[in-house]
Novice: 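Would you mind keeping the following structure in view while I ask a few things?
First the proteins, then the strands, lettered A, B, ... as listed; each starts at 1.
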Amino acid sequence: MFLKSIDLTTALRPSYLPDEVLLFVQDNVGLYEGKSKIPDHQNGSVYLTSHRICYVDNADPRKNSAAIDLKDIDRFEFYAGFLKSSPKITLIPKPSKRSSVQSRAVSSLGSPSRSATSSPLSRTDSPFRVPTTEPPPASTATWICPICSFSNPVPSNFDPATASAHTPLAPCLACGIKPPLALVLKAAISSVTNRPPPSSSQFSGAPLPIRGRTDLPLSPSDTSTRPHSQSPISNSNGALQSNTRASFQCPRCTFENHPSLLSCELCGAPLISQDPSSGLDNSTLRAESPGPTLSHLQLPGIENESIKLSFRAGGEKIFYERLKGCMTQRKWLLQGAPPVPRPNRASGTESGISWSGTSTPTGERMKTVGIAGLEQRRLEVQKNNEIIIGNAFEDLEALMASAKEIVALAESFASSNGNTSSESSAVANALGLVTTKDMLGGGSNSESLYITELSRNLAEFLTDDARGVLRKAGGIISLVDLWAMFNRARGGVELVSPSDFEKAARLWEKLKLPVRLRQFKSGVLVVQGSDRTDEKTIKALLAWLSSLHSVPPDKELAWDWQTFGRGVTAHDTAEHFGWSIGVAEEELEMAEDRGALCREESDEGLKFWENWIDPDQSPSSDQPYNVI
Amino acid sequence: MTTLSPSTTFTYPRHYNFPPFFTRQPQLTTFHAQCRKWSLLIQAYCRFHRLFRLPLDSPLFTNERLNRRLVPEDARAVLDFMRSEGRAEWVRGGEERSVAWVWWRTPEEWAGIIGDWVEETAQKNTVLTLYELTEGEATVSQEFHGMDPEVLQRALAILVKRGKAQVFGQEDQQGVKFF
């Protein structure tokens, strides 16, 4: 099915796939199917990522949100708008005969298991593992000469992991110009992506898929419960590949072109145009959608109807440009790519050993058990790291190609140092998943859209269980602290200005996000979960104070501590609840303001007590002193 | 109505040992409750010690045991509150405000008590000196025995206004005739 339902994060944004990068956001967009509007999908935000186009409805985001995988899109057209008609971008799906296999496979996975298609790189586990398979037949990989566009086969002895600037590369077969290394590297990697696994059981055992930075890696048992999840995808990829190759015959000169080419190598005729024609043929078979009543997300078999995005508040041009770039880059092909093969595979005894925790050790592995085995293993990992770092920093292109590995490496370093707090998250964030100003569309309200997105970003940041920002701060954090933390987590790029930050925070309530901004009497702004109310805080404070009645004091007290308990300073409170001192002061004063506490100023500083002064507030019925 | 408690020492209320009692509460409701408690305490204390004037440096405002003290500024606020209740009055108003009358009996009440006493003892139309009234043997059992002369003057002034007494005489030789 073309439109798929998607998972949303707590902040009501699409939750991204592991390698997905957000490229653009535009609000006030409506969806059309064919010529008719899709009901309940008429006012929402559109997120363009490297893999998908996600629509998140404004009114009921949990129910009415959908996504289109870019890989299912065959073609897209731009309509500039006319008079009252808004500019639109039409997305035409791939014809069913090709996409059906694939889409069925994808839909059978469903959203929870979408991660199975994800990168096999585990960021928490050892990031480098040897594929248990032999390297793919090199003949499947082709690179396209940047000079003459001739598709050359990648040399069979080319190993992407060991390749460096000094690796001899064969020149282009047609023009004789030597290709840049990065080009061949990319081609080799993308060919690895599309390669069907030799054995599905072996393959599914090897990588632990991860899904997004918020989620924990799936447990091995989880993976083993659906060993089939990897195979249909890979098989369908394979099928698609062969299918594609067969069908990419130039309609004009019948030259067999490589599937990644956009125009015929020989005669220059556009190749893409043949697909939509067949797609349109199919779509004409279907009756016209009967208007706003169609419940089209549930109907099977509607695959070839085009989807239109109607941009009612502008932003269509940038969206179109970015989409174009996206479709050319085809980042989704990298998804599910096994890591770059280890260079020392050929070095003898270690060949074929998988580092993955789930795979059973092979016979060779058994020989090197104990300390010797551990040492050997450590040594190999070290060597591996050296090679990867060495390769990655050779030039920018190569760095981008091996970004995944580098991030994984950085994270494993960070976690092995026991410092998982700010550094690792900074790395993860530096790779995107944050909204920046240039991702947002034009139009008069781009500023407010930026703030809205920032607001959602922030809510995600706060409620992220892995990071536990709020939890660590005792459920409440001052806005200034959060601002500092957030900007630090952004890794020093695309910093957020304080005023934008405050505006974004003020939007939480309106956007119905699970956090809220609160202003204390003194004007201090704090952030807390929306379920935390003053009443709850006071209750917690009073419960704590009353528990002090039964704790004998360390020194003799002049007053009846069993009756009155003890006074607490802001410092004590901060310590007890895990708040910052500023927050503790404010909370105590709030409780005082509500009459639940009273204060005592003495040489020892300001202390707060249960309110025994006001008989209405006293914890137990206090007998007022009666003189008459 | 007993005028003197049987014990010889004043028993402080429980909240006198509650440390925050000596800090002015910023929260209005709490402050109101605090003032009320102080007001009752001051009245009880003055009644016990038969005090009519209360200076701001009274030992009442200092709790030695707790090592806490209601600072004069706050004590003044408490007495101002009592004034609004009609239970206190500054001896000298204005900036000075360091000593206050504490009306554990208001002048009206005193006037009533004296009038009742005169009636009970059938002393209408007799002339009494003010000294006799407060220090004389006949009034030892009475609450107004040992009364502050100024308070007495005010109580008598009220009786005069009601047409129940007449005050005459010189400065310290004053007498009063009840009708």
Novice: Examine A:H549 together with A:F564 and report whether their ring centres are nearer than 6.0 Å.
Specialist: no
Novice: State whether the side chain of A:N487 and the backbone N or O of A:A484 hold a donor-acceptor pair below 3.5 Å, judged by distance alone.
Specialist: no
Novice: Looking only at atom types and distance, does a side-chain atom of B:E89 sit under 3.5 Å from a main-chain N or O of B:R87, one as donor and one as acceptor?
Specialist: no
Novice: I'd like to know if the side chain of B:S58 and the backbone of B:P55 have a donor-acceptor N/O pair within less than 3.5 Å.
Specialist: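 No, because the side chain of B:S58 does not come within donor-acceptor range (under 3.5 Å) of the backbone of B:P55.
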Novice: At a heavy-atom separation under 4.5 Å, does B:R65 approach chain A through its side chain, its backbone, both, or neither?
Specialist: both
Novice: Do any of residues 576-586 of chain A have a heavy atom less than 4.5 Å from a heavy atom of chain B, and if so, which, in residue order?
Specialist: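 Listed by number: none.
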Novice: Salt-bridge test for A:E600 and B:R68: reply yes if a basic N is under 4.0 Å from a carboxylate O, no otherwise.
Specialist: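 Between B:R68 and A:E600 there is a salt bridge, with a charged N closer than 4.0 Å to a carboxylate O.
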Novice: Pick one: which of B:W117, B:W104, B:F144, B:W101 meets ring pair (Phe, Tyr, Trp, His ring centres under 6.0 Å) with B:W110?
Specialist: B:W104
